[in-house]
Amino acid sequence: MNEILFLVEEAPEGGYTARALGESIFTEADDLNDLHQQVRDAVHCHFDEGKAPEIIRLHFVREEIITA
């Protein structure tokens, strides 16, 4: 596996959540710098030595509600 994709959303209580597609990896953090480190740590903990993907892609999803 060369790449892994995470969907990142703003958490209702503040901060961010990140969920990997195709793997059972989930993490959260208070800010973007912490999120980057938490995602890296979660990926390295999930995969065996030498099996982790080389690229971690973060896809930010933001929902907005506007009045009609």
Side-chain angles (χ1 to χ4, degrees):
M1 174 184 291
N2 187 40
E3 185 174 308
I4 189 166
L5 174 64
F6 280 82
L7 289 181
V8 179
E9 298 177 297
E10 293 177 357
E13 63 278 355
Y16 298 91
T17 61
R19 179 175 42 94
L21 297 181
E23 299 290 339
S24 296
I25 307 173
F26 177 84
T27 191
E28 57 189 357
D30 291 331
D31 59 49
L32 287 177
N33 288 331
D34 287 341
L35 182 69
H36 291 170
Q37 190 58 49
Q38 293 287 10
V39 168
R40 283 187 192 104
D41 289 347
V43 167
H44 289 292
C45 288
H46 183 77
F47 292 96
D48 293 333
E49 184 76 26
K51 302 288 185 184
E54 296 176 17
I55 297 171
I56 300 171
R57 188 176 303 271
L58 303 179
H59 178 77
F60 288 82
V61 178
R62 190 171 101 182
E63 183 176 324
E64 291 186 26
I65 299 173
I66 59 173
T67 59

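Computation of the quantities below employed the complete heavy-atom set of this structure, encompassing side-chain atoms and omitting hydrogens, waters and symmetry-equivalent molecules.
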Would I56 end up clustered with F60 when hydrophobic side chains under 4.5 Å apart are linked, directly or stepwise?
yes

Only residue of D41, N33, D34 satisfying side chain to side chain donor-acceptor pair (under 3.5 Å) with Q37 is D41

Run the numbers on Y16 and Q38 for side chain to side chain contact (heavy atoms under 4.5 Å, CB included), then give the verdict.
CA-CA 11 Å; Y16 298 91; Q38 293 287 10; over 6 Å; no

Give, for atom SG of C45 and atom CZ of R40, the distance between the pair rounded to the nearest 0.5 Å.
14.0 Å

Looking at CD of E9 and CZ of R62, how far apart are the two atoms once the value is rounded to the nearest 0.5 Å?
12.5 Å

CD-OG1 distance between E28 and T17, expressed to the nearest 0.5 angstrom:
7.5 Å

Cluster check L35, L21: I/L/V/M/F/W/Y, side chain < 4.5 angstrom
no

For H36 and L58, what are the C-alpha separation, side-chain angles and deciding distance, and is it a side chain to side chain contact (heavy atoms under 4.5 Å, CB included)?
CA-CA 9 Å; H36 291 170; L58 303 179; 3.6 Å; yes

May I ask you to check whether over 12 heavy atoms, not counting those of E63, lie within 6.0 Å of atom CD?
no

Single-linkage hydrophobic cluster V8~V43, side-chain heavy atoms < 4.5 angstrom
yes

Residues two or more places apart in sequence or in another chain: which of them pass side-chain hydrogen bond (donor to acceptor under 3.5 Å, both in side chains) with H59?
none

Determine the minimum heavy-atom distance between A20 and F6, stating which atoms define it.
N-CD2, 3.5 Å

